[in-house]
**Q** 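Starting off with a structure, shown below.
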Amino acid sequence: MNLAWKEMKKNKVRFLILGSIIFLVSFLTFMISGLANGLSQDNAAFIKDLPQGQFYMAEDADGTFNLSRIDSDLQQEIIRKEKEAVAFSMQMGFLNDQDDKQQSVAFVTSRESTLFSAVYQGEVILDSSLQDKGIQVGDILTNNQYNGKFIVKGFVAQKKYSHAPVAYISEEAYEEMYRVKDKQLIYVPNSEPQNFKGLQAYSNKEFLNTIPSYNAEQLSLNMIIWFLVVISGLLFAIFFYMMNVQKIGLYGILKAIGVKTSKLFNMIWTQMVIITVVSLVLSISLSQLVNLVSPKEMPFSLTISTTIQLALVFLVIGFIGATLSGLQIKKIEPLQAIQQGEA
């Protein structure tokens, strides 16, 4: 520890430059991770908030729930067998507010269930984000495909689908708007996949991946995150490798006077930990500050658990990078290293 700290003070400019780069890379990683989580919630919070279970859709829909139709008799059969099962449908649409402005929403209707908000004919329950658009309880909303009117009965938090707020409506209103009685999906919470004739089972994660926009967004952002993590590991490897090349003569002398290779490795690991921890503390503090002050319209969500996971990944990657760069220390022969250093 003492040897590592002395060297860092001697070469403080070099270590400061490395620390600054690690800080910037880790801060960018935390920001993109927060954006990925925020977009994930904004895209599919309605599905993600459901407990683990199984979604069933028609096999001939080929994983596209909009094309799925489940016969009413089959719905009844499954619901009788699975007491907690619920049949529901979703469709993108819009509502006209009292100022005749169109608000994009994802209409959801379902059979009676504790998992979905209960709505009666002529009522609508909306995601709370629409309150920011000036919609209040008691407002009357309309839709061009529906002859009646919708009275806003309440709001629910974090219920979004495909970046649109969810609007819970009655089965009768949904059938009038979309001219269909059969539900698209059946959801069975806390269950394993079962074989129902003509239906395909999907876990929560598998169902999320059937949403084209969700899969594309998350795949792109996660690739960037892991690319940045790998870059940080390479930075450690390159930095310590260059430092070790310049100190071959010094390592030869240290080995000649009896300093063990393990102690030299400990010095490198200690320096890596100090640089990484300081950089992570600064980047985490700044990213959490962004998380607190970011506007509601910005889809940004950086949880403590995600932050801790990424911090541990950075430490592990840093350890691997520093260790790989130090493998050359094991091969150093004292006399040869001293002669090379003098040359």
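Just so you know, these numbers come straight off a predicted model, no measurement behind them.
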**Q** Taking atom CG of N215 and atom OG of S220, what is their separation to the nearest 0.5 Å?
**A** 9.0 Å
**Q** Backbone N or O of S279 within a donor-acceptor pair of the S283 side chain at under 3.5 Å?
**A** yes
**Q** Atom CG of L208 and atom OH of Y214: how far apart are they, to the nearest 0.5 Å?
**A** 4.5 Å
**Q** Any side-chain heavy atom of K205 sitting closer than 4.5 Å to one from N209?
**A** yes
**Q** Passes side chain to side chain contact (heavy atoms under 4.5 Å, CB included), L280 versus F30? Steps please.
**A** CA-CA 10 Å; L280 286 175; F30 286 125; 4.0 Å; yes
**Q** Considering only heavy atoms from C-beta outward, does the side chain of I304 approach that of T306 to under 4.5 Å?
**A** no
**Q** Between F207 and F55, does the ring centre distance come in under 6.0 Å?
**A** yes
**Q** Look at the rings of F23 and F27 and say which category their plane angle falls in: under 30° parallel, 30 to 60° tilted, over 60° perpendicular.
**A** parallel
**Q** For Y187 and F116, I'd like to know if the aromatic rings sit close, meaning centre-to-centre distance below 6.0 Å.
**A** no
**Q** Does the pair D42 and K160 meet the rule for a salt bridge (charged side-chain N to carboxylate O under 4.0 Å, His left out), with working shown?
**A** CA-CA 6 Å; D42 196 62; K160 286 195 170 185; 2.9 Å; yes
**Q** Are any side-chain N or O atoms of S68 and backbone N or O atoms of A61, one a donor and one an acceptor, separated by less than 3.5 Å?
**A** no
**Q** Do S301 and Q41 pair up side chain to side chain, a donor and an acceptor below 3.5 Å, judged on atom types alone?
**A** no
**Q** Taking E206 for the side chain and S203 for the main chain, is one N or O donor matched with an acceptor at less than 3.5 Å?
**A** yes
**Q** For residues 309-316, which side-chain donor-acceptor pairs fall under 3.5 Å, sequence neighbours excluded?
**A**
none

**Q** How far apart are the closest heavy atoms of Y174 and Q91, and which atoms are they?
**A** OH-CG, 2.8 Å
**Q** Drop me the distance from R69's CZ to D60's CG, to the nearest 0.5 angstrom.
**A** 10.5 Å
**Q** Please answer whether the main-chain N or O of K101 pairs with a side-chain N or O of D99 as donor and acceptor at a distance below 3.5 Å.
**A** no
**Q** Taking C-beta and beyond as the side chain, do L141 and I151 meet within less than 4.5 Å on heavy atoms?
**A** no
**Q** Checking I186 against V86 for the side chain to side chain contact (heavy atoms under 4.5 Å, CB included) test, could you report, in this order, the C-alpha distance in whole Å, the side-chain angles of both residues, the deciding distance, and whether it holds?
**A** CA-CA 6 Å; I186 293 178; V86 55; over 6 Å; no
**Q** Flag the pair V230 / I317 as yes when at least one side-chain heavy-atom distance between them is below 4.5 Å, and no otherwise.
**A** no
**Q** Shared ILVMFWY cluster between L67 and I70, side chains joined below 4.5 angstrom?
**A** no
**Q** Checking D97 now: which residues fulfil salt bridge (charged side-chain N to carboxylate O under 4.0 Å, His left out) with it, not counting sequence neighbours?
**A** none
**Q** To the closest 0.5 Å, what do you measure between CG (D71) and NZ (K183)?
**A** 12.0 Å
**Q** Partners of Q98 by side-chain hydrogen bond (donor to acceptor under 3.5 Å, both in side chains), sequence neighbours excluded?
**A** D139
**Q** Please indicate whether K48 has more than 12 foreign heavy atoms, meaning atoms of other residues, nucleotides or ligands, lying under 6.0 Å from its NZ.
**A** yes
**Q** Looking at every heavy atom in both Q200 and E59, which two are closest together, and how far apart are they?
**A** N-CG, 3.9 Å
**Q** What heavy-atom pair brings D182 and S72 nearest, and what distance separates the two atoms?
**A** OD1-OG, 3.2 Å
**Q** Any link between L95 and I169 through a network of hydrophobic side chains (Ile, Leu, Val, Met, Phe, Trp, Tyr) touching at under 4.5 Å?
**A** yes
**Q** Donor-acceptor pair, N222 side chain versus Q218 backbone, under 3.5 Å?
**A** yes
**Q** Could you check whether any side-chain heavy atom of V166 comes within less than 4.5 Å of a side-chain heavy atom of F107, counting everything from C-beta outward?
**A** no
**Q** So F150 and Y146, would you call those rings parallel, tilted or perpendicular, with 30° and 60° as cut-offs?
**A** parallel
**Q** Quick one: are L18 and F236 in side-chain contact, heavy atoms under 4.5 Å?
**A** yes
**Q** Have S113 and S110 got a donor and an acceptor in their side chains that come within less than 3.5 Å?
**A** no
**Q** Report yes or no: do Q288 and T307 form a side-chain donor-acceptor pair below 3.5 Å?
**A** yes
**Q** Apply side chain to side chain donor-acceptor pair (under 3.5 Å) to D127 and S129, showing your working.
**A** CA-CA 6 Å; D127 176 72; S129 62; 2.5 Å; yes
**Q** Go through the steps for R111 and E171 under the test side chain to side chain contact (heavy atoms under 4.5 Å, CB included), then give the verdict.
**A** CA-CA 8 Å; R111 304 291 297 270; E171 292 182 86; 3.3 Å; yes
**Q** Is the backbone N or O of M90 less than 3.5 Å from a side-chain atom of Q184, with the two atoms forming a donor-acceptor pair by type?
**A** yes
**Q** Could you check whether the rings of Y56 and F196 sit parallel, tilted or perpendicular, using 30° and 60° as the cut-offs?
**A** perpendicular
**Q** Just wondering, do L115 and P51 contact through their side chains at under 4.5 Å, heavy atoms?
**A** yes
**Q** Can you tell me how far the CG atom of L302 sits from the CE atom of M31, to the nearest 0.5 Å?
**A** 8.5 Å
**Q** Quick one, T303 with N37, criterion side chain to side chain donor-acceptor pair (under 3.5 Å). Give me CA distance, side-chain angles, the key distance, then yes/no.
**A** CA-CA 9 Å; T303 61; N37 289 337; 4.9 Å; no
**Q** Between L282 and L16, is there a shared hydrophobic cluster once you connect ILVMFWY residues whose side-chain heavy atoms come closer than 4.5 Å?
**A** no
**Q** If hydrophobic clusters are built from ILVMFWY residues whose side chains come within less than 4.5 Å, do V281 and V229 share one?
**A** yes
**Q** Got V188 and E84 here, is their nearest side-chain heavy-atom distance under 4.5 Å?
**A** no
**Q** Of all the heavy-atom pairs spanning T210 and G63, show the shortest one and how long it is.
**A** CB-O, 3.3 Å
**Q** Looking only at heavy atoms, which two atoms of G154 and V137 are closest? And how far apart?
**A** CA-CG2, 4.1 Å
**Q** So how far is it from W269 CH2 to T276 OG1, rounded to the nearest 0.5 Å?
**A** 14.0 Å
**Q** Looking only at heavy atoms, which two atoms of L221 and A36 are closest? And how far apart?
**A** CD1-CA, 3.5 Å
**Q** After noting the C-alpha distance and the side-chain angles of F15 and I275, does the key distance pass the side chain to side chain contact (heavy atoms under 4.5 Å, CB included) rule?
**A** CA-CA 8 Å; F15 284 96; I275 293 170; 3.3 Å; yes
**Q** Check for me, please, whether L219 and L35 land in the same ILVMFWY cluster - side-chain distances under 4.5 Å, paths through other members count.
**A** no
